[in-house]
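Position 1 is the first residue of the sequence, and the numbers go up from there. The figures that follow rest on heavy atoms only: side chains count, while hydrogens, waters and symmetry mates do not. Please read all numbers here as calculations on a predicted model, not as lab measurements.
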Amino acid sequence: MDTRTEPKSVDTHAHVFHRGLALAATRRHSPDHDATPADYLALLDAHGLGHGVLVQPSFLGSDNSHLVEALRAAPARLRGVAVVAPGVPAEHLLALAEAGVVGIRLNLIGLPVPDLRLPGWRTLLARVNALGWHVEVHLPAARLPDILPALLAAQCRVVVDHFGRPDPALGVADPGFQYLLRQADSGRVWVKLSAPYRNWPASACTTSGRIAARQLLDAYTAARLMWGSDWPHTEHRHLASYSAAVRWLDAWIDDPVQRRMVLADTPLRLFRFQGDKP
């Protein structure tokens, strides 16, 4: 049975926004279209998915107000991953948690890796841990060794975006991707099978994604892998669609038990869809 026909299936990576929102001063992309919560929920319904995880887009910076509004409009179906800065008040984090936020994101594409040993970061990560949240990281695979040791030393649970972002020219031979495979032994790292077009040519999304998924399954098992659509595929709308994202997962993982874990069991626990928000 296709697990997407069950109400507990989860899409773990999507973004919502609309034109007119205040954009971050430092950004790589300015959207020229809307991606509304209503549109996203309709896509979940059309593909038989029960839940979604909204990730704060980098171009909105640390203003999570639109994310929070979307979460509060569909609390049973949605969870969120916010962007915050060191020094954020503890009460602000608690308000995000009440709205359905379950993690923070460090999107470090084109940015230096912060020194997580600084007091502000140590305090933030301790508060993240106390809330039972995770830290989601997005950066090229070659730079994963620059951030994962510090996060693991801080006892964080870590989610790695988009297959770990291996170099398109190297694929699974990327030393950074091989490093990611070795982090499975920590027991505190999860990986999203999402956005293959950010790693490989469009023509290779099925085959290269399957090769990477098989290696990740061997290292992590399905218990610490998840699937995400990456809707609305910002900067790659000409290469992807929601239907294509669903088909890619089918091509990457054949075993129905593994697919059930990736689509439902694992994300339901990690993103706390069982109603155990603080």
request  = Give a yes or no on whether Val135 and Leu94 share a hydrophobic cluster (residues Ile, Leu, Val, Met, Phe, Trp, Tyr; joining criterion: side-chain heavy atoms under 4.5 Å apart).
outcome  = yes
ask   = Between the side chain of Gln56 and the main-chain N/O of Gly61, is any donor-acceptor distance below 3.5 Å?
value = yes
message = Under a 3.5 Å threshold, yes or no: a donor from one side chain and an acceptor from the other, between Asp63 and Ser65?
response = yes
key: Salt bridge Asp174-Arg165, side-chain N to carboxylate O under 4.0 Å   = no
inquiry  = Quick check: is Val160 connected to Val113 through a chain of hydrophobic side chains (ILVMFWY, heavy atoms under 4.5 Å apart)?
reply    = yes
Residue from Trp200, Trp248, Trp227, Tyr197 passing ring pair (Phe, Tyr, Trp, His ring centres under 6.0 Å) with Phe163 = Trp200
query = Backbone N or O of Asp254 within a donor-acceptor pair of the Arg259 side chain at under 3.5 Å?
reply = yes
message = Checking Arg224 now: which residues fulfil side-chain contact (heavy atoms from CB on, under 4.5 Å) with it, not counting sequence neighbours?
response = Ala184, Trp190, Tyr220
query = Is there a donor-acceptor pair closer than 3.5 Å between any side-chain N or O of Thr266 and the backbone N or O of Ala222?
reply = yes
ask   = What about Val159 and Phe273, same hydrophobic cluster or not, with Ile/Leu/Val/Met/Phe/Trp/Tyr joined at side-chain heavy-atom distances under 4.5 Å?
value = yes
Set of side chain to side chain donor-acceptor pair (under 3.5 Å) partners for Arg117, sequence neighbours left out = Asp115
request  = State plainly whether one hydrophobic cluster holds both Leu125 and Val84, where clusters connect Ile, Leu, Val, Met, Phe, Trp and Tyr through side-chain heavy atoms under 4.5 angstrom apart.
outcome  = yes
message = Within the 4.5 Å heavy-atom criterion, are His13 and Asp161 side-chain neighbours or not?
response = yes
message = Ignoring hydrogens and geometry beyond distance, is a side-chain donor-acceptor pair present between His162 and Ser194 at under 3.5 Å?
response = yes
ask   = Is Asp45 salt-bridged to Arg77, cutoff N-O under 4.0 Å?
value = yes
inquiry  = Do Leu270 and Met226 make a side-chain contact, defined as non-hydrogen atoms from C-beta onward lying under 4.5 Å apart?
reply    = yes
query = So if you build clusters from Ile, Leu, Val, Met, Phe, Trp, Tyr with side-chain heavy-atom gaps below 4.5 Å, do Val128 and Val83 land together?
reply = no
inquiry  = Distance alone, cut at 3.5 Å: any donor-acceptor contact between the side chains of Ser243 and His47?
reply    = yes
